[in-house]
There are 2 protein chains.
Amino acid sequence: MTQMVVNVMYNAPADPQAFERYYAETHMPIAAKIPSVEKIVLLKGMAGADGSAPPYYRVAQIYFADEAAMASGMSSPEAQAATADIANFATGGASVLITEVV
Amino acid sequence: MTQMVVNVMYNAPADPQAFERYYAETHMPIAAKIPSVEKIVLLKGMAGADGSAPPYYRVAQIYFADEAAMASGMSSPEAQAATADIANFATGGASVLITEVV
């Protein structure tokens with residue numbers, strides 16, 4: 001049984017304050033309803049030691065116990081609602097990386 | 001106290017089999033010596049449902065208890081050796097994303 005992670009990688013948004021507000025108040029409550037999720041880890045990018053911008057603004061990691069749980073969770077109406085909501089606040093765009101934990 | 005993560009994101013290497021061998025047999029034993037590390041999570045990218053290549057081949061996540069532990073661990077000779085070793089096998093290149101867990 002291999003643990004799986006859906007990584008949603010957000011580029012820098014046009015208005016970080018607006019992003020943070022929507023993310024906390026609207027998006028996370030929607031995403032929290034996705035079924036079969038083991039845990040969610042929220043990462044926030046930090047500037048490099050030289051002040052350079054991080055390659056991603058944020059990464060959300062949605063952990064599932066195995067591939068079947070991920071397939072079931074991510075095909076749910078709740079996951080579809082969370083995915084559709086990304087366009088409402090991710091003004092810099094976002095990309096998805098599906099990984100196994102090995 | 002905010003947990004910190006150094007994310008090493010590897011692009012697809014020229015020879016995945018050679019990468020995997022070096023990574024497991026040589027690089028991980030070097031990286032395992034970095035002090036002040038809480039845990040390391042190894043993620044391996046999977047093809048999309050449509051067969052598309054993942055945006056990253058692998059991601060290594062090095063967790064530290066806080067910013068002081070990260071600063072101490074990443075400035076150690078062991079971390080410098082691990083960082084210098086990346087050029088020996090990451091033929092597709094690698095980038096680093098430093099994040100806090102929020």
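As the structure is a prediction and not an experimental result, all values here were calculated from the model. Throughout, protein chains are lettered first and strands after them, A, B, ... in sequence-line order, and every chain is numbered starting at 1.
Contacts between B:Val59 and chain A at a heavy-atom distance below 4.5 Å involve the side chain alone, from C-beta outward. Contacts of A:Gln3 with chain B are absent, with no heavy-atom separation under 4.5 Å from either backbone or side chain. Interface remark: B:Val41 contributes side-chain atoms only to the contact with chain A (heavy atom separation under 4.5 Å). For a residue to count as touching a neighbouring chain, one of its non-hydrogen atoms must lie under 4.5 Å from one of that chain's; by this rule A:Val5 touches chain B with the side chain only.
B:Ile98 and B:Tyr56 fall into different hydrophobic clusters, where Ile, Leu, Val, Met, Phe, Trp and Tyr residues are linked whenever their side-chain heavy atoms come under 4.5 Å apart, directly or through other members. Tracing side-chain contacts under 4.5 Å through hydrophobic residues (I, L, V, M, F, W, Y), one never reaches B:Ile30 starting from B:Val8; they form parts of separate clusters. At a threshold of 4.5 Å between side-chain heavy atoms, the hydrophobic network of Ile, Leu, Val, Met, Phe, Trp and Tyr places B:Ile34 and B:Tyr63 in two separate groups. Grouping the Ile, Leu, Val, Met, Phe, Trp and Tyr side chains by contacts below 4.5 angstrom, directly or via other members, places B:Leu42 with B:Phe64. A chain of hydrophobic side-chain contacts below 4.5 Å, direct or via other Ile, Leu, Val, Met, Phe, Trp or Tyr residues, connects B:Met28 to B:Val96.
For B:Glu78, the CD atom counts as densely surrounded, since its 6.0 Å shell holds more than 12 non-hydrogen atoms of other residues, nucleotides or ligands.
Atom CE of B:Met46 is separated from atom OG1 of A:Thr2 by 8.0 Å, given to the nearest 0.5 angstrom. To the nearest 0.5 Å, atoms CG (B:Asn7) and CE (A:Met9) are separated by 10.5 Å. From B:Met4, atom CE reaches atom NZ of A:Lys44 across 11.5 Å, with rounding to the nearest 0.5 Å.
Annotation for B:Leu97 and A:Pro54: closest pair CD1-CB, 3.7 Å, computed over non-hydrogen atoms.
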**OP:** May I have the step-by-step check of side chain to side chain contact (heavy atoms under 4.5 Å, CB included) for B:Leu43 and A:Val101, ending in yes or no?
**Re:** CA-CA 5 Å; B:Leu43 303 174; A:Val101 180; 3.7 Å; yes
